[in-house]
Amino acid sequence: MKQGRYFADKIEAKWRENWKKQNSFEFKDDPKKQKYYNLVELPYPSGDLHLGHWFAFVPADVHARFKKMSGFNVFYPNGFDAFGLPAENAAIKRGIHPRDWTMKNIEVMRTQFDIMGTMIDWTHSTITCLPDFYRWNQWIFLKMFEKGIAYRGIALSNWCPTDQTVLANEHIEAGKCWRCGAEVVQKEVEQWFLAITKYAESLIWKNPPQADWPKQVIEGQNNWIGKSEGMLIDFSGIEVFTTKPETIDGATFLVVAPEHEFVKNLSKTKEVEDYVLAASKKTEMERKEDRTKSGVFSGKYVKNPVTGKDVPVWISDYVLAGYGTGAIMAVPYVDERDREFAQKFNLPIIETKFNAKPKGEKTINYHLRDWSISRQRYWGTPVPIIHCEKCGLVPVPEKDLPVELPYNVDYTPKGKPPLASDEKWLNVKCPKCGGEAKRDAETLDTFFDSAWYYYRYVSPEFHKGPFDPKEVAKLMPVDVYFGGSEHTLGHTLYARFFTKFFKELGLLEFDEFAKKRIQHGVILGPDGDRMSKSRGNVVSPDDVVKEYGADTVRLYLCFMMPYEATSPWSPTAIGGVYKFLKRAWDLLEKVDKGELSRQDLSKMHQAIKKVGVDLENLAFNTAVSSLMIWLNHLTSKKTVTSEEYKTLLRLLAPFAPHITDELWHLLNPNANSVHLEDWPVFQSKYLISDSVNIAVQVNGKLRDAIVVKREFIKSQEKVENEAKSSQKVAKYLTSAIKKVIYIEGKIINFVV
RNA sequence: GCGGACGUGGUGAAAUGGUAGACACGCAAGGUUUAGGACCUUGUGGCCGUCAAAGGCUGUGGGGGUUCAAGUCCCUUCGUCCGCACCA
C-alpha cells in the first residue's frame with residue numbers, strides 16, 4: 001500500500017474538521033453505557049495556551065479517549081475561569097475593558113485548544129464571567145447567607161490609609177502601597193466570610209481515605225485543617241487556649257496578641273500604644289520573617305487558677321489574634337517560644353510536674369480559618385446583598401438575580417471598590433422596606449467560581465438552579481480530576497466544602513466530588529529551570545506543533561516522564577517520538593496478507609495488555625514505550641498483517657488521534673473513524689510462551705539463565721537438574737547444597 | 001521546625017521483594033550516492049581482562065539491618081524539590 005510521506009500539517013487540520021463536522025465529541029446520554037467524568041482544572045484565559053496547559057490536557061485526553069474506546073460514555077468538558085485580577089490589571093494597563101480582554105483571550109485560546117486535537121466537549125462549557133454562570137454564584141451565596149455560612153466578619157487586612165482600601169499581598173512593594181506609596185498597615189476590616197470551619201471536621205480525611213487522592217493532598221489538607229484538642233482556661237477574665245493544661249503550674253505569665261480585646265480596653269501607657277501601633281504596621285510577611293520576639297508589659301496581672309499566684313500579662317505579636325483565643329498561658333519551661341520570650345524579658349521559668357488539673361472547658365481548635373471572600377475589585381461576581389440603614393443586610397430577592405456587573409464602570413484604582421463609583425448601579429430601593437439603600441460594592445473571590453464550576457458543566461443551560469440535580473446524580477461524582485499541586489490547599493479544599501454544603505441543601509447525595517485526583521508535574525525549560533520569559537527558556541507549543549505536528553507533541557508529552565514528575569523539555573528527544581510516528585506511518589507499506597507466528601501474537605497481545613493497563617493507571621510514559629517495543633518488532637518483519645496494523649492504530653489512537661485516523665482511512669477509505677472503534681482485548685493464551693527463561697542464582701548471585709519448556713516449569717526437580725547441568729552454575733556448586741529456593745518460572749537459587 | 005515527594009548511566013527514565021538500567025535521547029564505530037528532519041547495523045553503567053573473545057569484580061546518595069534474594073522492606077545519615085509555618 002502506498003501512502004506518501006508523513007506530513008503532519010497536511011492531515012491534522014483535515015481530521016479536526018471532520019471530527020467537528022461529525023459532532024463526535026458532544027456528550028449524549030446513553031443508558032447502556034457507564035458514565036465516566038474526566039475533568040481537568042479549568043484554565044484561566046490568559047490569552048496564550050502554554051506547554052503547561054498541554055501537559056494538563058493532553059494526557060487527560062489520552063485517558064478519556066482510552067475510556068471511550070473501552071466502552072464508557074465519557075464526559076470531558078472544559079471552560080474558562082474568567083474572572084480575576086489579571087484581566088483588570090491588563091485592562092488598566094492597556095485601556096481595554098476586562099470583559100473584552102477576557103472574551104478575546106478565550107477566543108484565541110479556543111483555537112489553540114483545537115490544535116491540540118482533544119475530544120473535549122465544548123457544548124458543556126462554562127465561562128465564569130458570564131451572567132449565566134455568576135447568577136448561580138449569587139444564588140449559592142444567598143443560600144449560604146441564609147444558613148449562616150456566609151457572614152460579615154472582621155479580619156486583619158493589608159490596608160492603605162491614603163487610598164482607604166484593602167490591598168492584595170502582591171500589591172505591596174516593600175511595605176508600601178503600589179499605587180500611592182503610602183505605608184501599608186494591618187487593619188481590622190469588615191468583610192464577607194464563608195464559615196468553612198464549620199465543616200472542618202467533615203473535611204478531615206479519614207484513614208483509610210474515602211477517595212483515591214494523592215497522599216500529599218490528604219496529608220496536606222489534614223495538616224492545614226490542623227485539628228488540635230485542648231482546653232479553655234480562665235485567668236481572671238482572660239481566656240486562654242492550651243493543648244497542655246497539665247503544665248499550668250509552670251505558667252508564669254500570659255501573652256496576648258496586640259489585637260486582643262484585653263489590649264483594646266486597657267488604659268495604655270505610651271509604651272503599649274507604640275508597640276501596638278508598630279505591630280499593626282508589620283505586614284503579615286514581615287511578621288513571618290522576623291522571628292525575634294518582641295513585646296511589652298501591659299501593666300496588669302492575672303491569677304493563675306492552679307498556683308494562685310499573680311502572673312503578668314504581656315503583649316506580643318508572636319501570639320496570633322486569629323488562633324485559639326488570641327491569648328496564651330506561657331509555660332517557658334516547656335515551650336521553646338515562651339522560653340525565648342521569658343529569657344529576653346527576664347520572666348521567671350519554673351518547672352512543671354505535668355500533673356496539674358485545672359478547671360476548664362475541653363475544646364477543639366482548628367488551624368483552618370474561615371474563608372475571606374470579599375474582593376474590592378471590579379472584575380468579579382457582585383455580592384448580591386443590599387445594605388439598608390433600617391433593615392441591615394438584605395439579600396437580593398432570587399427573582400432579581402443576577403445582579404449584573406455593570407459594563408461601564410471606572411475600574412481604574414480610586415481607593416474604593418470600583419462598583420461603588422457607579423452611583424446609578426449602587427443606589428437601590430431596599431427590597432424589604434422600600435427605603436433608600438445601597439448595593440454591596442464588593443465582588444467575590446474567584447475561588448468561589450472554581451469551587452463548583454464542574455457541577456455547572458453537567459447542565460450548563462439549566463435555569464432553575466446552579467445545576468440540574470438529576471443530571472448531577474447521573475454524572476457526578478467526577479471519576480478522575482487532573483490538576484496541579486498548587487491547588488492542594490486552596491481550590492480542592494473549597495470544592496470539597498461546597499460539595500458538603502450542596503449535600504446539606506439536598507441537591508446531591510455524595511460526600512466527595514472527585515473519586516480520584518491526580519496531580520501533574522511541571523515541564524521545565526530545556527535548561528532545567530522553570531520556564532519564564534525573563535530567562536528566555538519558554539518553549540511555545542505552537543512552535544513545536546509547527547515543527548512536528550500536534551500528534552508528536554502529544555506523544556512526547558506522554559512519553560517524556562511520568563505524569564507526576566517535574567523534568568526539563570528536551571528539544572532532541574521529541575525527534576525520537578516523531579521518528580516513531582513516521583515509522584508507524586511507513587509501516588502501512590508493509591501491510592499484507594500473512595500468518596501470524598506464535599511470537600507475533602505474543603508480542604501483539606503483550607502490547608494490548610500493557611498499553612491498556614497503563615492507560616487505566618495513568619502511566620502514560622510506559623504505555624508509549626510498550627508501543628515502541630511492539631513497533632520495533634513489527635518493523636523488523638518483512639510484512640505485517642492488517643490485523644496487526646489495525647491493532648496498532650487502535651492502541652495508538654488515543655495518543656495520536658490525527659495520524660491514526662488518516663492511516664485507518666488509507667487502509668479502508670470507507671471505514672468509520674478509528675476513534676469509534678473498540679479497544680482491543682488481549683487474550684491471555686497468547687501471553688504464555690512455550691519456553692520460559694529462568695534465572696539461576698548461587699547464594700543469591702546470578703550465574704546463568706536457562707530456558708525451560710513451559711510444561712516442565714512445575715517440576716522443581718527438572719528445573720534443578722537443568723540448572724545444575726549449566727557449566728557456569730556448576731563451577732559454583734562445589735560445596736554441599738544446603739537449600740534450594742525455586743520460584744516457579746522465574747528464578748532458582750542454590751544456597752551452598 | 002512540621003508535612004509530603006524523591007535520590008538509579010552522559011540525559012529523560014524502566015523495574016507485583018526474584019536476571020537493575022526496559023523504552024528513548026545523546027554518543028561512538030561501520031554500512032548505504034542518502035532529495036525531502038535521512039536510513040540501516042552494531043556498541044554504549046563502571047572497573048579488571050583480552051589482538052579479539054570468553055570471563056571476572058563491582059554497581060541504584062552514604063552507613064547498618066531483615067531475607068535464600070533488596071533500587072524496592074526496616075533503622076540511621078546526607079542531600080534535593082514542593083507545600084505550610086511563632087497554631088499555644
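Residue numbers start from 1 in every chain, and the chains themselves are labelled A, B, ... in the order their sequence lines are given, proteins ahead of strands.
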**Request:** Take A:E486 and A:V751, find for each the nucleotide of RNA chain B with the closest heavy atom, and name the residue whose nucleotide sits nearer the 5' end.
**Result:**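 Result of the comparison: A:V751.
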**Asked** Pick the nucleotide of RNA chain B nearest each of A:G324 and A:A705; which residue has the one closer to the 5' end?
**Response**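 The residue whose closest nucleotide sits nearer the 5' end is A:A705.
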With a 6.0 Å cut-off on ring centres, are [X] and [Y] close enough?
{"X": "A:W371", "Y": "A:Y494", "answer": "yes"}
{"X": "A:W213", "Y": "A:Y481", "answer": "no"}
{"X": "A:F341", "Y": "A:F253", "answer": "yes"}

**Message:** From CZ of A:F620 over to C1' of B:rC23, roughly how many Å is that when rounded to an integer?
**Reply:**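 Nearest whole value for this atom pair: 17 Å.
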May I ask you to verify if any side-chain N or O of [X] is less than 4.0 angstrom from the OP1 or OP2 atom of [N]?
{"X": "A:R703", "N": "B:rC57", "result": "yes"}
{"X": "A:N222", "N": "B:rG4", "result": "no"}
{"X": "A:K728", "N": "B:rG55", "result": "yes"}

**Message:** Checking side-chain contact (heavy atoms from CB on, under 4.5 Å) between A:F750 and each of A:K739, A:E720, A:K738, A:Q697, which is the one that passes?
**Reply:**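 By the side-chain contact (heavy atoms from CB on, under 4.5 Å) criterion, A:F750 pairs with just one of A:K739, A:E720, A:K738, A:Q697: A:E720.
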Would you list the protein and nucleotides 9-13 of chain B atom pairs, both N or O, that sit under 3.5 Å from each other?
residue: B:rG12; atom: O3'; partner: A:S567; partner atom: OG; Å: 2.7
residue: B:rG12; atom: O2'; partner: A:M560; partner atom: O; Å: 2.5
residue: B:rA13; atom: OP1; partner: A:S567; partner atom: OG; Å: 2.1

**Message:** Could you work out, with salt bridge (Lys or Arg N to Asp or Glu O under 4.0 Å) as the rule, every residue matching A:R535, not counting sequence neighbours?
**Reply:**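 Partners of A:R535 by the salt bridge (Lys or Arg N to Asp or Glu O under 4.0 Å) criterion, ordered by chain and then number, come out as A:D529.
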**Item:** Pairing residues for A:E201 by the salt bridge (Lys or Arg N to Asp or Glu O under 4.0 Å) criterion, not counting sequence neighbours
**Value:**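 Partners of A:E201 under the salt bridge (Lys or Arg N to Asp or Glu O under 4.0 Å) test: A:K227.
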**Donor-acceptor pair (no angle test) under 3.5 Å: A:K746 side chain, B:rU16 base** =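 By the distance-only test, yes, there is a pair.
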Distances for protein N or O near nucleotides 36-42 of chain B N or O, under 3.5 Å:
residue: B:rG37; atom: OP1; partner: A:R5; partner atom: NH2; Å: 3.1
residue: B:rG37; atom: O6; partner: A:E547; partner atom: O; Å: 2.2
residue: B:rG37; atom: N1; partner: A:E547; partner atom: O; Å: 3.1
residue: B:rG37; atom: N2; partner: A:E547; partner atom: OE2; Å: 3.4
residue: B:rG37; atom: N2; partner: A:Y548; partner atom: OH; Å: 2.4

**Request:** For residues 603-628 of chain A, pull every pair meeting ring pair (Phe, Tyr, Trp, His ring centres under 6.0 Å), keeping only residues two or more places apart or in separate chains.
**Result:**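 Listed once each, the pairs are A:Y563-A:F620, A:H605-A:Y686.
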**B:rG36, syn or anti by chi within 90 degrees of zero** =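 Anti for B:rG36; the angle lies over 90° from 0.
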**Asked** salt bridge (charged side-chain N to carboxylate O under 4.0 Å, His left out) between A:E644 and A:K590: does it pass, once the steps are laid out?
**Response** CA-CA 11 Å; A:E644 282 175 311; A:K590 292 213 250 168; over 6 Å; no
**Request:** Please list, by residue number, the residues of residues 233-244 of chain A whose heavy atoms come closer than 4.0 Å to an atom of RNA chain B; answer none if no residue qualifies.
**Result:**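 Correct list: A:F241, A:T242, A:T243.
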